[in-house]
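Chain letters run A, B, ... following the sequence lines, proteins first and then strands; every chain starts at 1. When reading the values below, keep in mind they use all heavy atoms of this one structure, side chains included, and skip hydrogens, waters and symmetry mates. None of the values given here were measured: they were computed from a predicted structure.
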Amino acid sequence: MTNEPIAGFQPQAYEPELARQWAARPLAASPAPGAPKYYLLEMLPYPSGALHMGHVRNYAIGDAVARFLRMRGCDVLHPMGWDAFGLPAENAAIQHRTHPRPWTLANIANMKAQMRRFGFSYDWSREVTTCLPEYYRWNQWFFLRMFERGLAYRKKGWVNWCPRCATVLANEQVAGGVCWRHEDTPVEQRELEQWYFRITRYAEELLRDLDRLSGWPERVTTMQRNWIGRSEGAALEFELEKREDRPALSLGRLRVFTTRIDTVFGVSAVLLAPQHPLLSELLNETERAQTRALIPARGETAETEKLGFDTGWRARNPFSRESVPVWVANFVLMNYGSGAVMAVPAHDQRDYEFCKKYQLPVRPVIAPGGVAPDLSRQAYTGEGELINSAAYNGLPCREAMASMIRWAEQQNAGQGTVTYRLQDWGVSRQRYWGTPIPMIYCPGCGVVPVPDKDLPVRLPEDVPVSSGGVANLAAIESFIQVACPKCGAAARRETDTMDTFVDSSWYFYRYLDPDNGEAPFAKSIAHRWMPVDQYIGGIEHAILHLIYSRFFTKVMRDLGLVENDEPIARLFTQGMITKSGAKMSKSKGNVVDPAALIERYGADATRAYVLFAAPPEKDFDWNDQGVEGLHRFLGRVYRLAMRHPPLTRLHAGAPSTAASPAEDRLLRKTHVALRRITREMESRWHFNTCLAAAMELVNVFYELEPELERGGITEAVWDDCQRLLLLMLAPFTPFLVEEIRRIWAERAPAGAVWSGEVQRQNWPEFSPEWAREEEIELVVQVNGKLRARLRASASASEEELRALALADPKIQALLAGAQPAKTVVIPGRLVNIVLRQGARA
RNA sequence: GCCCGGGUGGCGAAACUGGUAGACGCACGGGACUUAAAAUCCCGAGUCCGGCGACGGACGUGCCGGUUCGAGUCCGGCCCCGGGCACCA
């Protein structure tokens, strides 16, 4: 039984119905002519089955901003889509014996329904699903364009292989020697033929343009800078000495890369990576087996013992003409520089450890301050003057480097070069659920691209699913067999699919023109909307996704498809939500389920709590009771509104004077809150303080309610302030404000309530007059210590404030007749009376 | 090891440019309403010391020092926590 005349606060009673209405009648862009465009993008989710709290946070942030900007009159583009290819669908297929496609599509339907239930205001007419041929055919199209320009190529090389994924991984997907999806699975090295994107062609530009990304968090640009890892140095050629016991070599030189050419007179050996291609020529089968054992199998680190193998070959130092041994060493990386280095034990710690172990000579060639360094314990890696370096003796390092590079170039023994840590992007995956690579192998013509007219190369649907997994494309004969597009002979299709990071590298362009059947998108539309004004997502994509997306944009620009050099103007990286201090995960059993929260507290309270708990860039720990607090707050707003539907007509602008102190207080508090929220939304997005301001205002409404009933506040002022409260809450709790408006519209007189949804109103301007305090609390300090608080007019002059402070009896007593050495007056804030310099009370 | 963040009540936090430390909320305690409970509404609260008491005093933003009339905020040094990278020659 209920004794309330009006129904209590029950979000369940109205949120689902409003969500339905919004689905049918979206807040689609109907901007005023000339409205500024704003492309607001949130990272699209992988359709794993249901939203998790990380999604809710990401999308609650984005939606608050979208709603605010729309009310501000912007033409907001706010799309959503699905990153729908990838391995989990195959794993689920194994578990449930279902095909990845229905599993994925069912997940999408469920998550989309959840998003609607949360009230996220996406423009679903632009929805993109990457596993559909309408989307992935453009992946293939881009692949072909890149192939034409030499940006997609095939090579045999050492690659990262995850035994759990049963596929190859890009370098970017291997962290610390383990798979990014299977942190307990060491990655193996295998030599395979793979497709690559030549991202290194853009390394320099990708690095340089980081300086222009002023709207990105510095730590993200720093991570990318380190990832690209540009280093300047020199490539040097060491001539291999002939050996009587071995056949002559096809190429008698070894190329090394060094950033310290100044130490070249200290070389004790040349070290090759165990995978170095020349080893097949230099070594016999027994020897090669020994070097193969040196290939780092798992995540080896700087702490791993350094091991080597003396090949018996010797090479000649181009500068000193000295003959040094050629070793294979486990710590030399094949995929950096040339896979060979010169070992200078005196001036490189790794070489020092290696040479000490194998008793190779350690000879200093750099002397800091002219004094030979102490090498008894470790290498000296700093700068200094050259010694033991023939004609270069006495030169400082930097001068020596320049002069040595010049000499090497003249002698045709090397040249100055720039090397990058960044590798070409390996995009081949030996999996089913991905974009087929549109290539054909013809016995006569070789590698032949699929002609554009034959796109998309469709993923075959009727594939066997067994407990062992989804059949690899290589096992599906009907897919493989194809006529060569050039000569018509029987040929075979490429059976690798593309890395799913290809999908997410350009999806935000497809939103702009999702139904285009002729091109990935129309250039004119991209010109209008790009770059993305604001991108919001997790920090975990700081490198992979965001560097690939930048690469794609530069390629698209060079293809003439777009005019922008960079895809994203501003980036916001949200913090993580943890539970009991740990990352939420099913295996830990500490997952907070958004669906359960909706059920219990509704969408508004859940969204509002996520925004209230902490500033959005910070991590925060989930607290169940926190949601209840927000639920209570929304109930307070609701009940207040139910008790006081507006009675007076809507009108613009605030009154110029207040009829009573109570009215004065309400008007000030309202405009102070409005100012705080407006300023936050325009700057740093600390939504927690926005909601705090609204809570303070609601507390004042409650405090002044008796005053309204007593007639101490006019209805017009009360109504204005309450309507402003709804408007300022609209970005955060869209259901609540709309439900209140709906009920008001039924009960209030004509013209007292907006005829359209709250969301479609203009964002109100705060009144600077009312937002400014009139009376302040003046703090009086003596020697910097707070001694009194006084009321004072906000417009009082320095002199008036000083006099006021000195006149206070408490201050008089403290001064005891002494003459202040100095008084500091900060108008509107405080007076500090200094008795003597440096005095500490 | 290197590069970023970050340390403020019992907890999440606020203080945006050096000017009242702890707004707002959670948890807690007290009261009103109720037969009772829930819900709701109101009040209290950094810590310590003194006082029956309105109140007064001292201390207080990781630690040590500095600049300043005044430091959570600026500078120097250190400690701790989190994240990223990690044999890149």
Side-chain angles (χ1 to χ4, degrees), chain A residues 4 8-9 175-177 217-220 222-223 225-227 229-231 233 256-260 263 271 296 299-304 306 329-333 335-337 340-344 347-351 353-354 381 419-422 539-540 542-543 575-576 578 581 609 612-615 617-630 632-633 635-636 639 679-680 683-684 686 688-696 699 702-703 705 776-786 789 820-826 828-839:
Chain A
E4 280 203 63
F9 176 55
E218 197 192 308
R219 71 174 168 143
V220 174
T222 302
M223 281 163 83
R225 201 166 278 120
N226 294 340
W227 191 264
R230 181 184 199 273
S231 59
V256 303
F257 175 75
T258 179
T259 54
R260 290 295 302 270
T263 64
L271 309 181
E300 299 202 342
T301 66
E303 281 86 58
T304 309
K306 292 182 175 34
N330 64 342
F331 65 94
V332 178
L333 305 171
N335 51 16
Y336 183 76
V341 299
M342 55 185 219
V344 184
H347 304 295
D348 181 286
Q349 187 56 30
R350 298 157 298 188
D351 298 343
E353 287 165 29
F354 186 81
T381 58
T419 306
Y420 300 90
R421 210 191 82 116
L422 182 74
I539 185 75
E540 64 273 21
I543 299 176
M576 218 173 45
T578 57
Y609 171 63
F612 179 72
E617 70 279 8
K618 264 191 77 170
D619 291 350
F620 82 90
D621 203 63
W622 184 263
N623 175 2
D624 281 321
Q625 283 155 334
V627 206
E628 273 178 62
L630 268 292
R632 270 199 286 273
F633 166 65
R636 276 165 78 78
R639 286 185 294 272
R679 297 242 165 111
E680 279 298 343
S683 57
R684 57 176 194 177
H686 281 195
N688 52 331
T689 64
C690 295
L691 286 156
M695 287 171 180
E696 282 186 59
N699 290 345
Y702 270 70
E703 178 191 321
E705 214 177 353
I776 53 134
E777 190 176 54
L778 180 72
V779 168
V780 185
Q781 297 179 333
V782 175
N783 288 336
K785 292 222 171 221
L786 191 149
R789 298 166 198 257
K822 180 178 176 184
T823 51
V824 181
V825 182
I826 308 295
R829 293 254 179 211
L830 61 68
V831 175
N832 188 10
I833 299 161
V834 186
L835 287 179
R836 55 196 156 73
Q837 288 288 332

Can you check nucleotides 6-9 of chain B for protein contacts, nitrogen or oxygen pairs under 3.5 Å, and list what you find?
none

Original post:
Using a cut-off of 4.0 Å between protein heavy atoms and nucleotide atoms, how would you tag nucleotides 22-27 of chain B 5' to 3' with B, S and -?
Top reply: -BBSSS
**OP:** Give Ser231(A) one of three labels, base, sugar-phosphate or nothing, depending on what nucleic acid heavy atoms sit under 4.0 Å from its own.
**Re:** sugar-phosphate
Original post:
For RNA chain B, whose closest nucleotide is more 5', that of Leu333(A) or that of Pro615(A)?
Top reply: Pro615(A)
Subject >> Euclidean distance, atom CG of residue Asn226(A) to atom P of rG1(B) [Å, nearest integer] >> reply: 18 Å
**OP:** Report which part of the nucleic acid Arg789(A) touches: base, sugar-phosphate, or nothing (heavy-atom distance under 4.0 Å, all strands).
**Re:** base
**OP:** Name the nucleic acid region contacted by Leu786(A), choosing base, sugar-phosphate or nothing; use a 4.0 angstrom heavy-atom cut-off, strictly under.
**Re:** sugar-phosphate
Subject >> Pairwise C1' distance, rC64(B) and rG50(B) [rounded to whole Å] >> reply: 32 Å
Original post:
How about Arg636(A) and Asn699(A): does a side-chain donor come under 3.5 Å of a side-chain acceptor?
Top reply: yes
Original post:
So what does Arg421(A) touch, heavy atoms closer than 4.0 Å: a base, only the sugar-phosphate, or nothing?
Top reply: base
Original post:
Could you state the CD-P distance from Gln781(A) to rU20(B), rounded to the nearest angstrom?
Top reply: 8 Å
Original post:
Using atom P of each nucleotide, how far apart are rG72(B) and rG18(B) to the nearest Å?
Top reply: 13 Å
**OP:** Would you mind classifying the nucleic acid contact of Gln349(A) as base, sugar-phosphate or nothing, using non-hydrogen atoms under 4.0 angstrom?
**Re:** nothing
**OP:** Starting from P on rA89(B), measure out to CG on Asn330(A) and report it in whole angstrom.
**Re:** 18 Å
Subject >> rC16(B) to rG30(B) separation - P atoms, rounded to the nearest Å >> reply: 37 Å
